[in-house]
2 protein chains.
Amino acid sequence: MKPVSACIREIACDNTNKRFQAVNSFSAAQRTRVTMLDVAQRAGVSKASVSRFIGEDRALLSEAIAERIERAINDLGYRPNQMARGLKRGRTRLIGMLVADIRNPYSIAVMHGVETACRLHGYNLVVCNTDRNDEQERQHLAALRSYNIEGLILNTLGHDPDALQELHQEMPIVLIDRKVEQLHTDLVGLDNADAVRMALEHLEQQGYRDVLMVSEPVDGTSSRIERIDSFTRQLATHPALHGAVVTTGAGLRVAIQTFVQAPGNGAKAIFCANGLAALACTQVLRDLNCRLFEDVGLIALDDLEWFPLVGNGITALAQPTQQIGASAFDCLLKRLGGDKSAPLALDFAPQLIVRGSTRQPPTT
Amino acid sequence: MKPVSACIREIACDNTNKRFQAVNSFSAAQRTRVTMLDVAQRAGVSKASVSRFIGEDRALLSEAIAERIERAINDLGYRPNQMARGLKRGRTRLIGMLVADIRNPYSIAVMHGVETACRLHGYNLVVCNTDRNDEQERQHLAALRSYNIEGLILNTLGHDPDALQELHQEMPIVLIDRKVEQLHTDLVGLDNADAVRMALEHLEQQGYRDVLMVSEPVDGTSSRIERIDSFTRQLATHPALHGAVVTTGAGLRVAIQTFVQAPGNGAKAIFCANGLAALACTQVLRDLNCRLFEDVGLIALDDLEWFPLVGNGITALAQPTQQIGASAFDCLLKRLGGDKSAPLALDFAPQLIVRGSTRQPPTT
DNA sequence: ATGCACGCTGAAACCGGTTTCATGGAAACC
DNA sequence: GGTTTCCATGAAACCGGTTTCAGCGTGCAT
């Protein structure tokens, strides 16, 4: 990361607004916000009553007192301190989300779903990104725990199942997309077998005969394993199709080149197991001067915003990411509500969006 | 948002692991984590000493006591409760980040920078997404405040400057990309004038003569205003160039069509003021069957991962998003350290990445 | 030997809330 | 009318830490 020069300007500050200048020492002290005691005194009641007012047992209070408190709160602009509330009550209204790679569009989309659901239920989200680094994952888990989050949404490899298991004793956990062996929690994700089935059926219907599946390196990621396994297994039920699997990385270019140039059994298509694989493949195909649709078919699991723009568009199996996120939060909420039933796995179905890259097979 | 059917499976739970089944009531009670008192008792010291040990004044403790405490902490697996720490100390180690649109790649990239910087300094990030909705912004600001975050990074319109000003009395705020009038805080963003200059110079050098700038609707967003203003102003210093400005939305297709078909003064190029405008333009050009490079040039402010893949690649002015994020956090840290100097504006320079869409002008 | 400064330690107050429990007054009952 | 019940309310304990302050033992100067 080389430093990029930045131009630093001093912002002109019109001194007519003197009041803005005085208050600028945030250094730990000062923190002089209006507290529950202030409200209580102003309303001429006890802290307990104020607490009842802002809590769920407002019903206990008399009309008169409630009104006095309400006025005091509005007058003073009082906002209860969630930290303090969480201390005794155990309810911080915080949900943690641990993401393996925040720059993966899938993660973002799911996160958006989670975030929306959180807001609707009065929760807030602490997002941590591990950048696929186990040490960072460890650090973040410790940090999340120390903030007394009420539940955790996990979309990461979980290379330390023991730590997760220990955490699971303290709070509900929902896995997203990636299963962690030995961790008996709810799981929300895609019906990978079904997705692969849809992809293969579509390709076969369109007349393709040779299919190269491109996945990111497996590295224990359950969803990748499932997709690859489903692929190899389902090939057996599609006698017309012939297939192989490769992973992204150094060898991808050669693998694709070989695949495209080989004699083969008919029209050829590439099946990308996720969005990042699709990006990698598209780049390679471009390098190889291979035209989507004319030279080789392409279908991708995940639908990215730029898929319509490349060539005649890239056919996609869109995941209902928003819903996956929302469902994950719902699971958490259910568990927080005391539900102790056996862990569930919610497998959503993808949606096939046909675009130019598979609209009809190249005629060999 | 239509419901998509999900297949629900019950996860087989091998009963050999009985211990996992017993502990499953997260409903408020239970929360039986090891506390500072436990450590103190085990080590045979007072809470105060333990507090000193985990705090910054470990130096005050004698060798013997420190060792006993350390052992007790390790034995018990003690982790201090950040909530409780934050209560008295005022230091929650939480930073808030309010983002207008979490699905904008720019926001994500910056967020990633912020997140990394946070981690390196032991802070955690609470991310809130307003989805460009003022009410949500209000809610989120209130929530963030109630969590005693130590500082706020803001990338949103700030349609309620008074609320922000009030918040600014309590904590440092750093704006990203978007200025808020009347809010005298640090600002980190792009040197928009310079970016526009680079774009125009590049286009002129490459032989383009007519330039259509496409921006998202301004709506008070300072960076958009600056870019448009710079554009119209700098056209004056490039007598060879002729230009116009339109915004994305319903009229975009017609505007672009008109621009492309008009007789004009020479080769034509479109200048997209940000990544989303680039997406919109590319879609329209595709609809219109306009080829990038052959029919019309294209340069975009922001660089997205798919730019190399469309046509012969889209020329971009990449923002140093990682650094923008990191700098924003640094500003915050400086203010938290008590720096009361006048608010600064850090304007980073973009980097020109030439691709096929402007490599040479179409010969008319 | 006494006085004093100093460094380590623990008791207790405190942060801003929640919750338990005791209390007092009104309503209900005999 | 006296007793009981019930309800609204407040005092105080509590959550898990931090911080103040007082105490105590030690070393050093007197």
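Per chain, numbering begins at 1; letters A, B, ... match sequence-line order. Since the model is a prediction, treat every value here as computed from it, not as a measurement.
Between the side chains of A/R91 and A/Y123, at least one donor N or O lies within less than 3.5 Å of an accepting N or O. For the residue pair B/N148/A/R33, the side-chain donor-acceptor check at 3.5 Å is satisfied.
Nucleotide D/dG16 holds its P atom 18 Å from the OH atom of A/Y147, rounded to whole Å. Between the CE atom of A/M83 and the P atom of C/dT18 there is a distance of 14 Å, rounded to whole Å. Look at CZ on A/F53: it is 13 Å from P on C/dT18, rounded to the nearest Å. Counting to the nearest Å, the P atom of C/dG16 and the CZ atom of A/R91 are 22 Å from each other. Between the CZ atom of B/R145 and the P atom of C/dG16 there is a distance of 13 Å, given to the nearest Å. Put simply, CG on A/N81 is 16 Å from P on D/dG16, counting in whole angstrom units. A/M36 has its CE atom 13 Å from the P atom of D/dG10, to the nearest Å. Residue A/N148 contributes atom CG, which lies 17 Å from atom P of C/dG17 at whole-angstrom precision.
Shown here are the side chain to side chain donor-acceptor pair (under 3.5 Å) partners of A/D177, two or more places apart in sequence or in another chain: A/S223.
Applying the ring pair (Phe, Tyr, Trp, His ring centres under 6.0 Å) definition to pairs two or more places apart or across chains, none involves residues 133-159 of chain A. Applying the salt bridge (charged side-chain N to carboxylate O under 4.0 Å, His left out) definition to pairs two or more places apart or across chains, those involving residues 136-149 of chain B are B/E135-B/R138, B/R145-B/E170.
Ring-plane geometry between A/F329 and A/H121 is classed as tilted, the angle between the planes lying from 30 to 60 degrees on a 0 to 90 degree scale.
Over its full length, the helix from C/dA1-D/dT30 to C/dC30-D/dG1 turns its helical axis through 60°, comparing axes from the five pairs at each end and rounding to 10°.
In this structure a side-chain-to-backbone donor-acceptor pair under 3.5 Å is present from A/N133 to A/Q136. A/N129 places a side-chain N or O within donor-acceptor distance of the main-chain N or O of A/D131, the cut-off being under 3.5 Å.
Contacts of A/I54 with the nucleic acid, taken as non-hydrogen atoms under 4.0 Å apart, involve only primed sugar atoms and P, OP1 or OP2.
Among the nucleotides C/dG17, D/dT18, C/dT18, the one closest to any side-chain atom of A/S51 is C/dT18.
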**Request:** Mark up nucleotides 9-15 of chain C, 5' to 3', with B wherever a protein heavy atom is under 4.0 angstrom from a base atom, S wherever such an atom reaches only the sugar-phosphate, and - elsewhere.
**Result:** BBB--BB
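The phosphate of D/dG17 has OP1 or OP2 within less than 4.0 Å of a side-chain N or O from B/Y78.
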Do any side-chain atoms of residues 46-56 of chain B form donor-acceptor pairs under 3.5 angstrom with protein atoms, and if so which ones, sequence neighbours left out?
from	atom 1	to	atom 2	distance (Å)
B/S46	OG	B/A48	N	3.4
B/S46	OG	B/S49	N	3.4
B/E56	OE1	B/R89	NH2	3.4

